[in-house]
Amino acid sequence: MTTSIYPLLERVEYPSDLKKLEPHELIQLCEELRNFIIDVVSSNPGHFGASLGVVELTVALHTVFSTPYDKIIWDVGHQAYGHKIITGRRSVFKSNRKYKGISGFPRPSESKFDAFGVGHASTSISAALGIAVASQYNKLDDRQVVAVIGDGSLTGGLAFEGLNNAGIEKTNLLVILNDNNIAIDPNVGAIKEYLLDITTSKAYNRLRNEVWNLLGAISKLGPNAQRYAQQVEHGLKSMFLKQSNLFEALNFRYFGPIDGHDVLHMIDVLKDLKDIPGPKLLHCKTKKGKGFPQAEINQTAFHSPGKFDKKTGKIIFSQPTSSQPQRYQDVFGYTLLDLARKNKKIVGITPAMPTGSSLKIMMDEIPERTFDVGIAEQHAVTFSAGLAIEGMVPFCNIYSTFMQRSYDQIIHDVAIQNLHVVFCLDRGGLV
Ligand SMILES: Cc1ncc(C[n+]2csc(CCOP(=O)(O)OP(=O)(O)O)c2C)c(N)n1
């Protein structure tokens with residue numbers, strides 16, 4: 001008789017099966033789910049580190065919420081492999097990203113558990129808000145709607161347009177901030193520093209813990225006491241936190257930061273949050289690549305590593321060999337560096353893709369003339385226009401598919417003003 005290496009995972013076809021598991025089994029399930037992802041993605045390449053980082057979050061969400069009635073919207077969707085595996089697609093997961101196989105991203109046409117089609121960053125909050133408002137209109141008042149967004153995707157303006165709107169809508173939207181302090185390359189910008197500040201601020205966390213404990217203690221006394229506790233908590237937070245917390249200032253109730261790898265604690269917290277009305281944000285700290293040492297250390301390479309040896313972590317064929325032609329992006333990167341050495345007005349701009357676009361080659365040698373502006377293609381183009389109008393020569397490098405975000409900026413801010421911005425598009429193939 002052979003024993004399975006995934007005894008619990010094989011019992012979980014759908015999220016309803018999670019609800020039958022004991023707490024210690026949920027912990028083991030997370031380990032099996034993680035190993036299953038490592039096993040399959042090492043030989044059938046795809047996104048990797050992001051899914052490992054949200055294993056516990058995925059299990060906690062599907063344990064607490066009643067999907068597909070409740071809606072989980074994954075931002076970008078490159079982290080949703082665990083979600084796919086425990087929502088009926090374990091047996092076909094080996095066909096991930098293959099011809100006639102399943103998609104590497106959530107697709108509503110593929111599964112009713114995929115609440116929204118994704119791929120481009122920063123859409124989750126707007127989409128979730130739309131779903132929440134429509135659900136309210138359709139009298140589905142008990143439906144829970146959750147957006148899961150990474151700290152990288154939060155740098156996109158669209159995410160803030162969503163937060164700004166959600167803060168005045170009376171829906172019970174829950175935004176989960178999956179904060180791992182990295183996008184593909186290290187995350188950039190003031191928001192990143194802000195998130196680090198609130199994670200490490202002792203005074204802030206003491207207040208947060210006191211409020212949270214108070215809420216927990218009183219809520220055990222019954223529904224009226226719980227409502228009272230929520231008012232107290234809200235009052236306290238309004239008083240102390242509104243001016244010091246970005247999300248509170250946007251009318252969100254901010255919870256956390258919590259350990260996004262403690263599945264049982266997350267289940268408790270999510271259960272509590274279910275009963276708290278209005279827009280809420282739960283700040284979870286996670287590690288990208290969690291559980292696979294090489295992916296934890298080299299997070300950029302293991303974002304989407306291609307094939308790798310699951311025992312040694314060695315990436316197979318990640319670099320071109322001498323017999324292979326140089327990669328398009330490297331020709332671009334070295335050529336730009338060459339030009340920039342000769343012309344001091346040249347600057348390089350990338351929206352969060354320094355490694356992917358090889359702008360990193362110039363960044364390493366001339367950091368003062370290269371700008372990673374975050375996942376913000378619209379801003380990248382208009383920022384370039386501003387540089388150009390002052391006589392700089394911006395090389396604005398954007399993957400072709402993400403350039404779609406900036407059409408208006410290309411026309412309105414660059415072309416009509418006849419500004420000298422050099423656009424460099426790559427990944428223009430058939431995907
Ligand atoms: C509009 C857009 N620009 C760029 C990308 C490429 N991209 C895919 S994932 C990613 C990083 C996302 O970072 P984060 O949201 O923090 O998630 P993590 O991978 O860290 O879990 C980027 C830049 C994209 N998907 N969409």
Side-chain angles (χ1 to χ4, degrees), residues 76 120-122 152-161 182-193 300-301 303-304 319-320 324-431:
V76 183
H120 288 190
S122 318
S153 299
L154 193 67
T155 62
L158 179 57
F160 280 86
E161 293 170 32
I182 187 158
I184 297 177
D185 291 87
N187 200 12
V188 293
I191 299 282
K192 166 204 149 133
E193 283 166 21
T300 301
H303 175 81
S304 181
Q319 296 301 325
Q324 284 175 313
Q326 222 185 353
R327 300 180 311 170
Y328 175 87
Q329 61 266 38
D330 291 341
V331 175
F332 160 76
Y334 286 112
T335 309
L336 182 61
L337 175 62
D338 222 28
L339 293 171
R341 281 180 186 142
K342 292 175 196 140
N343 180 349
K344 300 281 180 261
K345 296 277 182 190
I346 286 180
V347 285
I349 293 104
T350 174
M353 306 297 276
T355 300
S357 69
S358 292
L359 188 70
K360 196 157 187 324
I361 295 168
M362 175 175 167
M363 196 173 257
D364 287 343
E365 188 174 311
I366 320 178
E368 67 282 9
R369 278 195 278 141
T370 44
F371 299 91
D372 178 354
V373 298
I375 310 180
E377 289 79 9
Q378 292 177 293
H379 164 65
V381 172
T382 306
F383 172 60
S384 300
L387 287 160
I389 211 161
E390 285 299 306
M392 304 300 283
V393 183
F395 279 66
C396 183
N397 182 224
I398 302 185
Y399 280 24
S400 64
T401 183
F402 305 137
M403 191 62 133
Q404 297 168 47
R405 285 269 163 107
S406 340
Y407 279 176
D408 182 54
Q409 285 72 23
I410 298 167
I411 296 166
H412 180 268
D413 301 335
V414 178
I416 290 179
Q417 304 192 57
N418 206 19
L419 292 174
H420 183 56
V421 175
V422 184
F423 289 112
C424 315
L425 274 70
D426 75 4
R427 307 305 201 280
L430 187 64
V431 179

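- Val414 approaches Ala385 most closely through the heavy-atom pair CG2-CB, 3.9 Å.
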> Please walk me through it: do Ile349 and Leu387 pass side chain to side chain contact (heavy atoms under 4.5 Å, CB included)?
Replying inline: CA-CA 10 Å; Ile349 293 104; Leu387 287 160; 3.8 Å; yes

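- Residue Cys424 comes nearest to Phe332 through the heavy atom pair SG-CE1, 3.4 Å, listed as atom of the first residue, atom of the second, then distance.
- Here the CZ-CE distance, from Arg427 to Met403, works out to 14.5 Å after rounding to the nearest 0.5 Å.
- If you take CD on Gln417 and CD1 on Ile389, they are separated by 5.0 Å, rounding to the nearest 0.5 Å.
- In this structure, Ile410 and Phe423 have side chains that are in contact, with non-hydrogen atoms separated by less than 4.5 Å.
- No donor-acceptor pair under 3.5 Å is formed between the side chain of Glu193 and the backbone N or O of Ala190.
- Leu337 places a side-chain heavy atom less than 4.5 Å from the side chain of Arg341.
- Judged by distance alone, the side chain of Thr370 and the main-chain N or O of Pro367 form a donor-acceptor pair under 3.5 Å.
- For the pair Thr300 (side chain) and Ile184 (backbone), a donor-acceptor distance under 3.5 Å is present.
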>> Would Ile398 and Arg405 count as a side chain to side chain contact (heavy atoms under 4.5 Å, CB included) here? Give the steps.
In response: CA-CA 10 Å; Ile398 302 185; Arg405 285 269 163 107; over 6 Å; no

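- Across all their heavy atoms, Cys396 and Ala380 have their closest contact at SG-O, 4.0 Å.
- Note: His420 NE2 to Met392 CE = 12.0 Å, rounded to the nearest 0.5 Å.
- Listed here is the closest heavy atom pair of Gln404 and Thr401: NE2-O, 3.1 Å.
- Scanning both residues, Asp330 and Ser358, for their nearest heavy atoms gives OD1-OG, 2.6 Å.
- Side-chain atoms of Leu359 and Met353, non-hydrogen and from C-beta on, never get closer than 4.5 Å to each other.
- Residue-environment remark: CD (Glu368) exceeds the threshold of 12 foreign heavy atoms within 6.0 Å.
- The distance from atom CD1 of Ile191 to atom OG1 of Thr155, rounded to the nearest 0.5 Å, is 8.5 Å.
- Rounded to the nearest 0.5 angstrom, Asp413 CG and Leu419 CG are separated by 8.5 Å.
- Using modelled atom types, one finds no donor on one side chain facing an acceptor on the other under 3.5 Å when comparing Asn397 with Thr350.
- Side-chain atoms of Val381 and Val421, non-hydrogen and from C-beta on, never get closer than 4.5 Å to each other.
- Two residues are said to be in side-chain contact when any heavy atoms from C-beta on lie closer than 4.5 Å; Val188 and Val373 fail this criterion.
- In this structure, CG in Asn187 is found 9.0 Å from OG in Ser153, a value given to the nearest 0.5 Å.
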> Hey, mind stepping through Arg369 and Lys344 against side chain to side chain contact (heavy atoms under 4.5 Å, CB included) and telling me if it holds?
Replying inline: CA-CA 9 Å; Arg369 278 195 278 141; Lys344 300 281 180 261; 3.7 Å; yes

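- One N or O on the side chain of Asp372 and one on the backbone of Ala352 form a donor-acceptor pair closer than 3.5 Å.
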> Is there a side chain to side chain contact (heavy atoms under 4.5 Å, CB included) between Asp185 and Lys360 once you walk through the steps?
Replying inline: CA-CA 10 Å; Asp185 291 87; Lys360 196 157 187 324; 4.3 Å; yes

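- Leu425 and Tyr328 make their closest contact through O-OH, 3.4 Å (heavy atoms, listed as atom of the first residue, atom of the second, distance).
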